[in-house]
There are 2 protein chains.
Amino acid sequence: MENQDLKRAGLKVTLPRMKILEILEISNKKHMSAEDIYKVLLETGDEIGLATIYRVLTQFESAGLVIRHHFESGQAVFELESGKHHDHLICVKCGKIVEFLDEAIEAKQNEIAQKNGFLISDHSLIIYGICDNKSCQQ
Amino acid sequence: MENQDLKRAGLKVTLPRMKILEILEISNKKHMSAEDIYKVLLETGDEIGLATIYRVLTQFESAGLVIRHHFESGQAVFELESGKHHDHLICVKCGKIVEFLDEAIEAKQNEIAQKNGFLISDHSLIIYGICDNKSCQQ
DNA sequence: ATGTATGCAAAACATTTGCACCTGG
DNA sequence: CCAGGTGCAAATGTTTTGCATACAT
């Protein structure tokens, strides 16, 4: 019952918000741009303005429902906040994204921040490479 | 003699290229956006078009003279390629940037990429936080 | 009812490109 | 001289915003 999530976030339960949340939940792509979501909505016959999608995603971000990433693509992508922090491994050829979490790296980061007098608020680790997909091997 | 760098990169030694390289070298800000560089040039009285700055920076990047970063600011920033890979610690309040390198993290990353069948090509680790500057403490 | 949301079009940015002119080697 | 570089203006792509209308509670 994701409507609860919206209400809890202090957002009215409207059609655009429900649809967008639903797409983020059921899509097999876990990281979607505003445009990606817009296209899916068009296919479904739901006519939601791109501006609304941006507004809703920004609200979702503020509410902690989604996380916005700036991968090198030039477009921001959004993923549902799962509660479990993780980092990303991205295939530069096919765009495949693998999530991972490494406690040793996390610990080291905290150590580094502390050593430099920083109170850590967030971090972003992205590893770019070529995955073992047949079509990506040259 | 940075002119050599330009020649070695197969680029003609022109005024805009020299100026831009010089700014990147002498500026106390090691990470500058195209706009930052443009402003410095205006102050110096050198009228170089913003388009040229973007073109030159892109060429420098291809030539391996500079590295382009996409920090969350929406603008790309460029830093001189020092030859020594490093990651960044950024203060979200004052913008201060500290560079660091941690061998353990680097090693772990390779391990993770390999474990997931990725041939690593690059990576980006950015830690965001609040630095110990007086003015940044609340 | 009424405060919020949405749609649309226009604006705001960052970046790129076309093209006529200029310049370095 | 001549290929390549630059300036300017216009085009592009992404995201934001103003405003009149529509909707949830």
Side-chain angles (χ1 to χ4, degrees), chain A residues 1-23 31-42 44-63 65-79 95, chain B residues 1-23 31-42 44-63 65-78:
Chain A
M1 195 94 301
E2 60 263 13
N3 294 6
Q4 298 310 313
D5 297 329
L6 291 174
K7 281 187 187 150
R8 223 176 295 126
L11 297 169
K12 277 188 189 167
V13 179
T14 65
L15 209 89
R17 287 177 181 154
M18 283 169 52
K19 287 285 177 191
I20 293 171
L21 201 48
E22 188 189 332
I23 287 174
H31 302 80
M32 305 184 77
S33 67
E35 193 85 30
D36 288 338
I37 294 174
Y38 183 61
K39 283 186 198 134
V40 173
L41 284 167
L42 282 187
T44 330
D46 298 286
E47 305 256 325
I48 295 180
L50 193 49
T52 300
I53 296 176
Y54 275 105
R55 269 187 293 234
V56 168
L57 287 171
T58 301
Q59 292 159 346
F60 282 5
E61 187 190 17
S62 304
L65 293 176
V66 305
I67 297 182
R68 184 191 304 248
H69 293 288
H70 291 90
F71 297 156
E72 317 266 295
S73 65
Q75 281 182 83
V77 296
F78 301 80
E79 76 172 314
Chain B
M1 194 96 302
E2 59 264 12
N3 294 4
Q4 298 309 313
D5 297 330
L6 291 175
K7 282 187 186 152
R8 223 177 294 126
L11 297 169
K12 275 188 189 168
V13 180
T14 65
L15 210 91
R17 287 177 182 153
M18 282 169 52
K19 287 285 179 194
I20 292 171
L21 201 46
E22 189 189 331
I23 287 174
H31 303 79
M32 306 185 77
S33 67
E35 195 84 30
D36 287 338
I37 294 173
Y38 183 62
K39 283 185 199 131
V40 173
L41 284 167
L42 282 186
T44 330
D46 298 285
E47 303 257 326
I48 294 180
L50 193 50
T52 299
I53 296 176
Y54 275 106
R55 269 187 294 234
V56 168
L57 287 171
T58 301
Q59 293 159 345
F60 283 5
E61 186 189 17
S62 304
L65 293 176
V66 306
I67 298 184
R68 182 192 306 248
H69 294 288
H70 292 90
F71 298 157
E72 317 266 296
S73 65
Q75 279 181 86
V77 296
F78 300 82

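Just so we're clear, the structure is a prediction, and the values are computed from it rather than from any experiment. Lettering of chains follows the sequences in order, A, B, ..., and the numbering in each one begins at 1.
- Under 3.5 Å, the side chain of B/R55 and the base of D/dG4 form no donor-acceptor pair of N or O atoms.
- The shortest distance between side-chain heavy atoms of A/I37 and A/L57 falls below 4.5 Å.
- Phosphate proximity of C/dT15 to B/Y54: present, with a side-chain N or O under 4.0 Å from OP1 or OP2.
- At a threshold of 4.0 angstrom between heavy atoms, the contacts of A/A34 with the nucleic acid are absent.
- Here C/dT15 presents its C1' atom at 18 Å from CZ of B/F60, a figure rounded to the nearest Å.
- Minimum atom distance to the side chain of B/A51 is reached by C/dT17, of the listed D/dT15, D/dG5, C/dT17.
- Between B/L57 atom CG and D/dG5 atom C1' there is a gap of 15 Å when expressed in whole angstrom units.
- Nucleic acid contact for B/I48: sugar-phosphate only, since backbone atoms but no base atoms lie under 4.0 Å from a heavy atom of the residue.
- A/L15 is not listed as a side-chain neighbour of A/M18, based on a closest heavy-atom distance of 4.5 Å or more.
- Protein atom CD of A/E35 is 11 Å distant from nucleotide atom C1' of D/dT15, rounded to whole Å.
- A straight line from CD1 of A/I53 to C1' of D/dT14 spans 13 Å, rounded to a whole angstrom.
- In terms of modelled atom types and a separation under 3.5 Å, the side chain of A/S73 and the main chain of A/Q75 share a donor-acceptor contact.
- Atom pair B/L6:CG and C/dG25:P shows a separation of 10 Å (rounding to whole Å applied).
- Proximity of B/V56 to B/I48: side-chain heavy atoms (C-beta onward) are nowhere separated by under 4.5 Å.
- Rounding to whole angstrom units, CG of residue A/L50 and P of C/dA11 are separated by 18 Å.
- Where B/V13 and B/S33 each meet DNA chain C at their nearest nucleotide, the meeting point lying more 5' is that of B/S33.
- Atoms CG (A/D36) and P (D/dT15) sit 11 Å apart, rounded to a whole Å.
- The side chain of B/T52 contributes an N or O atom lying less than 4.0 Å from OP1 or OP2 of D/dG7.
- Counting heavy atoms from C-beta on, the side chains of A/M32 and A/V77 never come closer than 4.5 Å.
- Contact annotation: B/T14 side-chain N/O to D/dT6 OP1/OP2 distance is under 4.0 Å.
- Regarding B/K7, its NZ atom lies at a distance of 17 Å from the P atom of D/dG4, rounded to whole Å.
- Minimum atom distance to the side chain of B/R17 is reached by D/dT6, of the listed C/dT4, C/dT16, D/dT6.
- Here the nucleotide nearest the side chain of A/K12, chosen from C/dG3, C/dT6, C/dA5, is C/dG3.
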